[in-house]
Amino acid sequence: KAGVTQTPRYLIKTRGQQVTLSCSPISGHRSVSWYQQTPGQGLQFLFEYFSETQRNKGNFPGRFSGRQFSNSRSEMNVSTLELGDSALYLCASSLGQGSSYEQYFGPGTRLTVT
Amino acid sequence: AQTVTQSQPEMSVQEAETVTLSCTYDTSESNYYLFWYKQPPSRQMILVIRQEAYKQQNATENRFSVNFQKAAKSFSLKISDSQLGDTAMYFCAFMNRTSGTYKYIFGTGTRLKVLA
């Protein structure tokens, strides 16, 4: 099975712009979670989507949004970028139900805001 | 709210030696799961080992084992016979299931360097 893929791998944006990141989960996985990783802060949970519905949400401002499509692919959008949004954004997929709780991570998208 | 604390930002160990990474957590839940993830430099995060809170036996995966102390809310990772490929960032994670959903909380990580 193919692993979790994320595109693009690297992005450079300017303050005030918006950005969309994409995540394709492992085939058959219906849950996609997004995390922001910064040095010293570890992984901060953004949100989780399951079957096209946001099921969980972390403590991030409304500039961070996401969605999930019927094929379980997910996108994350950040509007009005700030310098502090520079980070590695990871997505993780899982079956998301029953006793299957393991998350599998993608390689991440490194976003640099200048 | 649940929290996960990794008090060792950086550690180093000689090749072939044993090293223990610490993790403590706080929760009022009785049923949860704990994980250690490894993130090698510029590479993907992978699951190293998992522990179900209801299991008293400590999990073991080859050279990796945990010391799970439920009452003390401690979950340390022991790496035996350290190898250069073990050089990575290690994250401790807590997960519990509420209302049919899963919520993961990660620690800030420990950067481990294995020295030749």
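By convention in this document, chain letters (A, B, ...) are assigned in the order of the sequence lines, proteins followed by strands, and residues within each chain are numbered from 1.
- Between Leu84(B) and Leu115(B) the shortest heavy-atom distance is CD2-C, 4.2 Å.
- Contacts of Gln44(A) with chain B are absent, with no heavy-atom separation under 4.5 Å from either backbone or side chain.
- Looking at every heavy atom in both residues, Lys78(B) comes nearest to Thr20(B) through CG-OG1, 3.9 Å.
- The two residues Gln6(B) and Thr108(B) come nearest to each other via the heavy atoms OE1-N, 3.7 Å.
- Nearest heavy atoms, Val113(A) versus Leu83(A): O-CD2, 3.3 Å.
- Heavy atoms of Tyr35(A) lying under 4.5 Å from chain B belong exclusively to its side chain.
- Arg43(B) does not touch chain A: none of its heavy atoms, backbone or side chain, sits under 4.5 Å away.
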